[in-house]
Amino acid sequence: MDGRAVAPAAGTVLNALATGTGAAFAIDLETTATVELTTDGSIDAEIAGQPDADTVLVERCAELTIDEYAETAGLDGSAVGARVRTESEVPMASGLKSSSAAANATVLATLDALEIVGTVERIDACRLGVRAARDAGVTVTGAFDDASASMLGGVTVTDNLGDELLAREEVDWFALVYTPPEQSFSADADVSACERIAPMADLVAELALDGRYGEAMTVNGFAFCGALEFSTGPMIDALPDVTGVSLSGTGPSYVAVGDRDTLETVRERWAERDGTTRLLRTRTDGAQVT
């Protein structure tokens, strides 16, 4: 039995490292996972174009999903294995939630292969991927904010400490993404520095829960650029014209949202910097079986 699913990347409204409360929104860059079930009980994975990449996360996603749902599918979980392959438009270690997208796509593709994807609530599938991310050590907070935005689409606000969805709203923005050449791994972030800006994170959470996502993003961006020692220059390039702009995740990418014409102007400024820029749309549909 085979399964296939896609999941979008996401940008940051509030980084959860400070307080455990986070917020993110889905953007139109996708990761695709294909899963072929086997009868040998082993789980193997590969990432297209990256033969040396760490596959522990997607293997753990498939393993947890099989452990949790094989019996529901009428199968002997101890005998079910999987071959997983992912391919992605999302640059790794860029702050655009590549791990969350890969986890969501893999969990849904595995459920699709088990032929029970329609019986599992998307938020429960999302939590499986978050568990796998914690087990694999690719996240500090569990990234339920990023994962829920990718799985459900729209903007989500979450309590990452309890894996609780606090709010979700569909938004229709253009999103401009600037990614410098360097990488930044979430697990390497200076958590103690982020915790010291908790009062600012509380303010960002209030703004986000009030639906003031653009203001929330911008406050978050300045606060976390300071804590994580990233330049605020790209944010200054985008202000005051955009709806909001922030460092995304633990960097190095920055994301600005607003209308297309405004973002085209910002794109010209960001294009003068080393790295790549992408003009995208936000996503309201989240992860999908294909």
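All residue numbers in this chain count up from 1 along the given sequence. Basis for what follows: all heavy atoms, side chains included, without hydrogens, waters or symmetry-related copies.
A donor-acceptor pair is defined here as one N or O able to donate and one able to accept, closer than 3.5 Å; no such pair exists between the side chain of Arg83 and the backbone of Glu46. Counting only distance, with no hydrogens or angles, the side chain of Thr218 and the backbone of Gly244 share no donor-acceptor pair below 3.5 Å. When atom types are taken as modelled, the side chain of Thr282 and the backbone of Val171 share a donor-acceptor pair closer than 3.5 angstrom. Side-chain N or O atoms of Asp2 include none that pairs as donor or acceptor with a backbone N or O of Ala113 at under 3.5 Å. Listed for the Arg122 side chain is a donor-acceptor partner under 3.5 Å among the backbone atoms of Ala287. Side-chain N or O atoms of Glu89 include none that pairs as donor or acceptor with a backbone N or O of Leu29 at under 3.5 Å. Side chain of Asp210 to backbone of Arg212: no donor-acceptor contact under 3.5 angstrom is found. A distance-only check finds no donor-acceptor pair linking the side chain of Asp145 to the backbone of Asn160 [under 3.5 Å]. Looking at Ser98, its side chain never comes within 3.5 Å of a backbone N or O of Met92 through a donor-acceptor pair.
We find that Asp135 and Arg60 are joined by a salt bridge, their nearest charged nitrogen and carboxylate oxygen being less than 4.0 Å apart. Between Lys97 and Asp146 there is a salt bridge, since a side-chain N of the basic residue sits under 4.0 Å from a carboxylate O of the acidic one.
Closest of all the heavy-atom pairs between Ala82 and Ile66 is CB-CD1, 4.1 Å. Of all non-hydrogen atoms in Val84 and Ala62, the two that sit nearest each other are CG2-CB, 3.9 Å. Residues Ser231 and Tyr254 approach most closely at O-OH, 2.5 Å, considering heavy atoms. The shortest non-hydrogen separation linking Tyr178 to Gly275 is CE1-CA, 4.2 Å. Looking at every heavy atom in both residues, Ala227 comes nearest to Ala193 through O-CB, 3.6 Å. Here the closest heavy-atom approach between residue Ala7 and residue Ala101 is recorded as CB-O, 3.3 Å.
Taking OG1 of Thr277 as the start and CD of Glu272 as the end, the distance is 11.0 Å to the nearest 0.5 Å. Note that CG of Leu176 is 10.5 Å distant from CZ of Arg260, once rounded to the nearest 0.5 Å. To the nearest 0.5 angstrom, Asn15 atom CG is 4.0 Å from Leu17 atom CG. Taking CE from Met151 and CG from Asp124, the interatomic distance works out to 9.5 Å, rounded to the nearest 0.5 Å. Taking CZ of Arg168 as the start and OG1 of Thr158 as the end, the distance is 13.5 Å to the nearest 0.5 Å. Between atom CG of residue Asn220 and atom CG of residue Leu207 there is a gap of 10.5 Å, rounded to the nearest 0.5 Å.
The neighbour count for Gln50 CD, taken as heavy atoms of other residues, nucleotides or ligands under 6.0 Å away, is above 12. Remark: Asp274 CG is loosely packed, at most 12 non-hydrogen atoms of other residues, nucleotides or ligands lying under 6.0 Å away.
Proximity of Val255 to Leu96: side-chain heavy atoms (C-beta onward) are separated by under 4.5 Å at one or more points. Side-chain contact between Leu247 and Leu228 is present, with at least one heavy-atom pair separated by less than 4.5 Å. Looking only at side-chain heavy atoms (C-beta outward), Asp190 and Cys194 stay at 4.5 Å or farther from each other. Proximity of Ser246 to Val13: side-chain heavy atoms (C-beta onward) are nowhere separated by under 4.5 Å. Counting heavy atoms from C-beta outward, Phe224 and Thr12 have side chains that stay 4.5 Å or more apart. The shortest distance between side-chain heavy atoms of Phe144 and Ile123 falls below 4.5 Å. In this structure, Phe222 and Ile236 have side chains that are in contact, with non-hydrogen atoms separated by less than 4.5 Å. No side-chain heavy atom of Leu128 sits less than 4.5 Å from a side-chain heavy atom of Val120.
Counted by atom type alone, Thr110 and Thr65 present zero donor-acceptor pairs between their side chains at under 3.5 Å. Thr290 and Arg4 form a side-chain donor-acceptor contact under 3.5 Å, judged by distance and modelled atom types alone.
Ring orientation note: the planes of Phe25 and Trp173 are nearly perpendicular, at an angle over 60° on the 30°/60° scale.
Hydrophobic clustering, with ILVMFWY side chains joined whenever heavy atoms are under 4.5 angstrom apart, groups Val80 together with Ile43. Each of Leu165 and Leu14 belongs to its own hydrophobic cluster when Ile, Leu, Val, Met, Phe, Trp and Tyr are linked at side-chain heavy-atom distances under 4.5 angstrom. Both Ile116 and Val107 belong to a single network of hydrophobic side chains, linked directly or stepwise wherever heavy atoms of I, L, V, M, F, W or Y lie under 4.5 Å apart.
Only one option out of Thr156, Asp163, Asn104 pairs with Ser148 in a side chain to side chain donor-acceptor pair (under 3.5 Å); it is Thr156.
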